[in-house]
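Residues take their numbers from the sequence shown, with the count starting at 1. Read the numbers this way: they start at 1 and go in the same order the structure lists the ligands and their atoms.
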Amino acid sequence: MLGTDLEIVLHKATGEQRREKPDQDNLGFGQFFSDHMFVMHWNREKGWHDARLQPYQDFSVDPAAMVFHYGQAIFEGLKAYRGKDDQIYLFRPRENLERLNQSALRMCMPRVPVDRTLQALKALVYLDRDWVPDNEGATLYLRPTMIATEPALGLRPSEEYLFFVINSPVGAYYSEGFNPVKIYVEDTYVRAVPGGVGEAKTAGNYAASVKALTEAQRKGYSQVLWLDAVERKYIEEVGTSNIFFVINGELITPPLGGTILPGITRDSVLQLGRDWGMQVSERPITIDEVVAASEDGTLQEVFGSGTAAVISPIGELRYRDRSIVINNGETGELSRRFFEELQAIQYGHREDPHGWRVRVG
Ligand code: COI
């Protein structure tokens, strides 16, 4: 694998290759893309090579490329924040690249050189710095992605890959913004099985989830909450984020057991909870425990955590014929505190005791 010696060539977008900037107040999520992208290629002989920062453009990929047939595709999501004095920051980007490499191992794909790829991410954001929004809560979302490109139909790991990073200026992931969302507890479909690929950030996990999502949305819910595939009783994660419960003062999130995504926001929430002296537990939690806590009045708050979702308060969980209303459907105090603290660190408005922020430029 090529590492620090990987040469990165820069092709800046010309005036006419530059793209029209969207209205910053109506960004939505992932609908607009910036002027530049990063690409690099891998094959067995050369390792990573032909690395370029270039204008955003289409790819030419062979119809037999293995990604189209057998789904070797992994990705990441991280954000660039415009903070005080127009300084731009990334949040824990190294962890994203390390998680990408874990996904790569699981999917028999090549790992990226973390230091050099991080340099490329920073250079890309710097090139597209005008695309980092300056309004409250908006960010530039980076989507590093790797796909199998060898044209071949025999089932085996591809021997050629393309890695690319595109940028999208985004607002809140949910149309509710920071207001509580309603979530459907899914007990028919499952997301991941023990021994499967649940902890890898691979495209197939998301493809497999959209049927449950559309059915939940048809019933009026924003997302699904997945239960474990074996007993349909242990809580796993929400479609786009990890999940936290506050029960009787204890901050609880399901443990990383191979079937859920090791979220970087999840890890940051756990750390902040510990910093604040809370009782923090990564432990199995069943949907029945949540129902019981709701009934005896000890269920205080529920929220999702993720890069796209940030901290998303949950106001209602629908489980079979039961509606579990949390904190009267309002944003809880702790959800707000985690949201504000994380954002303040990400935008550079507050101390960064754990060294999570990385300056760009
Ligand atoms: C993220 O939070 O970055 C994700 O990748 C989730 C995706 C469904 C938007």
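Closest to atom 5 (O) of ligand 1, if we only count protein heavy atoms, is Lys201 NZ, 2.8 Å. Taking atom 3 (O) of ligand 1 as the reference point, the nearest protein heavy-atom neighbour is Tyr141 OH, 2.5 Å. For atom 8 (C) of ligand 1, the nearest protein heavy atom (residue, atom name, distance) is Thr240 CG2, 3.6 Å. For atom 7 (C) of ligand 1, the closest non-hydrogen atom on the protein side is Arg143 NH2, 4.0 Å.
The distance from ligand 1 to the heavy atoms of Gly77 drops below 4.0 Å at these ligand atoms: 3 (O). Close contacts between ligand 1 and Ala308 involve ligand atoms 1 (C), 2 (O), 3 (O), 9 (C) [criterion: under 4.0 Å to a heavy atom]. Each of the atoms 5 (O) of ligand 1 lies under 4.0 Å from some heavy atom of Phe75. Within ligand 1, counting atoms from 1 as listed, the ones closer than 4.0 Å to a heavy atom of Thr307 are 2 (O), 3 (O). Atoms of ligand 1 found under 4.0 Å from any heavy atom of Tyr173, numbered from 1 in the order shown, are 9 (C).
With a 4.0 Å cut-off on non-hydrogen atoms, Glu76 does not touch ligand 1 at all.
For the residue pair Tyr161/Gln72, the side-chain donor-acceptor check at 3.5 Å is satisfied.
Between Glu76 and Arg99 a salt bridge is recorded (basic side-chain N to carboxylate O distance below 4.0 Å).
Checked against a 6.0 Å centroid threshold, the rings of Tyr89 and Tyr347 do not count as neighbours.
Note that Arg337 lies in the cation-pi zone of Trp276, set by a 6.0 Å cut-off to the ring centre and a 45° limit from the axis. Remark: Arg129 qualifies as a cation-pi partner of Tyr126 under the 6.0 Å distance and 45° angle criteria applied to the six-membered ring.
Residue Phe303 is not grouped with residue Ile260 when hydrophobic side chains (ILVMFWY) are merged at heavy-atom distances under 4.5 angstrom, including chains of intermediate members.
Between the side chain of Gln54 and the main chain of His36, no donor-acceptor pair closer than 3.5 Å is present.
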